[in-house]
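Here is how names work: the chains are called A, B, and so on, in the same order as the sequence lines, proteins then strands, and each is numbered from 1.
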Number of protein chains: 2
Amino acid sequence: MSLKNTILTSLIESEKSGYDIFRQFQNSLNYYWNASYQQIYKTLDTILEQGLVSVRTVKQEQKADKKLYSLTEKGIEELENWVHEPTSQQKTKNDLLVKLTLARKFGSAAIIKQLQQRLSEKENELLNYRKIERAYFTPKPSAETHIKNVTYYLALRNGITHCEVEINWLHESIDMLSSNQ
Amino acid sequence: MSLKNTILTSLIESEKSGYDIFRQFQNSLNYYWNASYQQIYKTLDTILEQGLVSVRTVKQEQKADKKLYSLTEKGIEELENWVHEPTSQQKTKNDLLVKLTLARKFGSAAIIKQLQQRLSEKENELLNYRKIERAYFTPKPSAETHIKNVTYYLALRNGITHCEVEINWLHESIDMLSSNQ
DNA sequence: CAGGACATGTAATTGGTTACATGATTGC
DNA sequence: GCAATCATGTAACCAATTACATGTCCTG
């Protein structure tokens, strides 16, 4: 379960509530991790039982109580071990490519529509990444930049470059299918 | 469950055994889908109950019996409906990017090792794709090419281009982390 | 006054992995 | 003789989604 380790990693920065972690996943982090809030709350329960995090409850006026989680020594050890373990790739599951092969059975009109939909999603995604890039990484980090910013920059670059090739591929595919109808 | 639809799609070509489908996933298909054989056998049971496929058992000399599955009318309808449904993106879960952010906590030596490991995996993957490209898609398909080959070619191109940017990103990341130690 | 952000959860179901289980053939 | 390929499955467990459930504050 790597959601566990992703949550622990997020808690290195500061103590956080389940909702804080959820928002972080939804915003800047969404090019490298994704989880629903139900999953996050459940996992927090589990790692609390395992002693990897501790919790303190903060009473808030006019808002529901907040449970702030922070890393324990055991949690830090867990993370350090995990860094050294082999890292397996996420298994590809690309519905769009499967549907693409169905074009010859059911015609390409429907699949072209799906590709165009995905194209507009990806274009939006890229705009967001570019916004983050401009705001936090101009000028581009160099060898002298603090390592924290370097790793964030590299993660963002990963999101950007994959997004770009996907957009190119979508254009190419839409063109080819359109001229082949 | 899109594994269901992926299996149905695979059965459009011809009737297949669970093992045939598994091999197809392992080989050429692995740039767009991935599943274990346990999952495939289980799903085949489910879609047989749902009437989306039919089965016939083939006795084989000197080998275990084979169960060959083929699409039913209902299965084809199911697929046609699925093509028109909105297609959601696979949720990103990138362990390597999470580990990358841990470099500032635990040092970059361990993470550089992980990046190099991934690099060699990706380089192998790319060589395989190139082999398929040379064998089946020279010269490159054009507007006149049969649609079947066009869709297969596009799926392969998707695998190749993503593999390439990942390799570039890995080089860039290893360089940047190394000079920042 | 409606919708979105904040804030936390439970329950049921489905999807996926890991371990267990068997047995023949073919090629090195 | 050992590993890989062919061929099929069960059982236990872990991961993830969907639906249900509640309540406040703030902004337009």
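- If you take CZ of A/Phe22 and P of C/dA7, they are 13 Å apart, rounded to a whole angstrom.
- Checked by atom type, the side-chain pair A/Tyr129/A/Glu125 shows a donor-acceptor distance below 3.5 Å.
- Taken from OG in B/Ser108 to CD1 in B/Ile174, the straight-line distance is 11.5 Å, to the nearest 0.5 Å.
- In this structure, A/Glu77 has no side chain to side chain donor-acceptor pair (under 3.5 Å) partners at least two apart in sequence or on a different chain.
- Look at NZ on B/Lys4: it is 12 Å from P on C/dG16, rounded to the nearest Å.
- At C/dG9, one or more side-chain N or O atoms of A/Lys67 fall inside 4.0 Å of OP1 or OP2 (strictly under the cut-off).
- Where B/Ser17 and A/Ser2 meet DNA chain D, the nucleotide closest to each residue was compared, and B/Ser17 sits on the side nearer the 5' end.
- Among residue pairs with one or both ends in residues 36-53 of chain A, none qualify as salt bridge (Lys or Arg N to Asp or Glu O under 4.0 Å); sequence neighbours excluded.
- Straight-line distance from the OH atom of B/Tyr19 to the C1' atom of C/dG23: 14 Å, rounded to whole Å.
- In this structure, A/Asp65 places its CG atom 15 Å from P of D/dG23, rounding to the nearest Å.
- Looking at the side chain of B/Ser36, the nearest of the listed nucleotides C/dT18, C/dC6, C/dG9 is C/dT18.
- Within the structure, no pair that satisfies the ring pair (Phe, Tyr, Trp, His ring centres under 6.0 Å) test touches residues 79-119 of chain A, not counting sequence neighbours.
- Closest to the side chain of B/Lys91, out of D/dT17, D/dG9, D/dA7, is D/dT17.
- One interatomic measurement links the two molecules: CD of B/Gln24 to P of D/dC6, which rounds to 14 Å at whole-angstrom precision.
- Every residue two or more places apart in sequence or in another chain that forms a side chain to side chain contact (heavy atoms under 4.5 Å, CB included) with B/Phe22 is listed here: B/Tyr19, B/Gln26, B/Tyr37, B/Ile40.
- Each salt bridge (Lys or Arg N to Asp or Glu O under 4.0 Å) pair with one or both residues in residues 99-114 of chain B, not counting sequence neighbours, would appear here, but there are none.
- Proximity of A/Arg23 to the phosphate of C/dC6: a side-chain N or O atom is located under 4.0 Å from OP1 or OP2.
- Between the CG atom of A/Asp95 and the P atom of D/dT17 there is a distance of 13 Å, rounded to whole Å.
- Applying the salt bridge (Lys or Arg N to Asp or Glu O under 4.0 Å) test to residues at least two apart or on different chains, the pairs with a partner in residues 3-22 of chain A are A/Lys4-A/Glu78, A/Glu13-A/Lys16, A/Glu15-A/Arg56, A/Asp20-A/Arg23.
- Partner B/Cys163 forms a side chain to side chain contact (heavy atoms under 4.5 Å, CB included) with one of B/Asn168, B/Asn128, B/Leu126, B/Asn124 and no other, that one being B/Leu126.
- In the helix from C/dC1-D/dG28 to C/dC28-D/dG1, the end axes, each obtained as the rotation axis mapping the C1' atoms of four pairs onto the next four within a five-pair block, lie 50° apart to the nearest 10 degrees.
- Scored by the side chain to side chain donor-acceptor pair (under 3.5 Å) test, B/Glu164 finds B/Arg130 as partners (sequence neighbours excluded).
- As a whole-Å value, the separation of B/Tyr37 OH from D/dC6 C1' is 12 Å.
- Residue A/Lys93 is in sugar-phosphate contact alone, with no base atom involved, counting any heavy-atom pair closer than 4.0 Å across all strands shown.
- Of the candidate nucleotides C/dG9, C/dA21, C/dG16, C/dG16 has the atom lying nearest to any side-chain atom of B/Leu3.
- Residues from residues 38-49 of chain A with heavy atoms under 4.0 angstrom of DNA chain C, sorted by number: A/Gln38, A/Tyr41.
- One interatomic measurement links the two molecules: NZ of A/Lys66 to P of D/dT24, which rounds to 19 Å at whole-angstrom precision.
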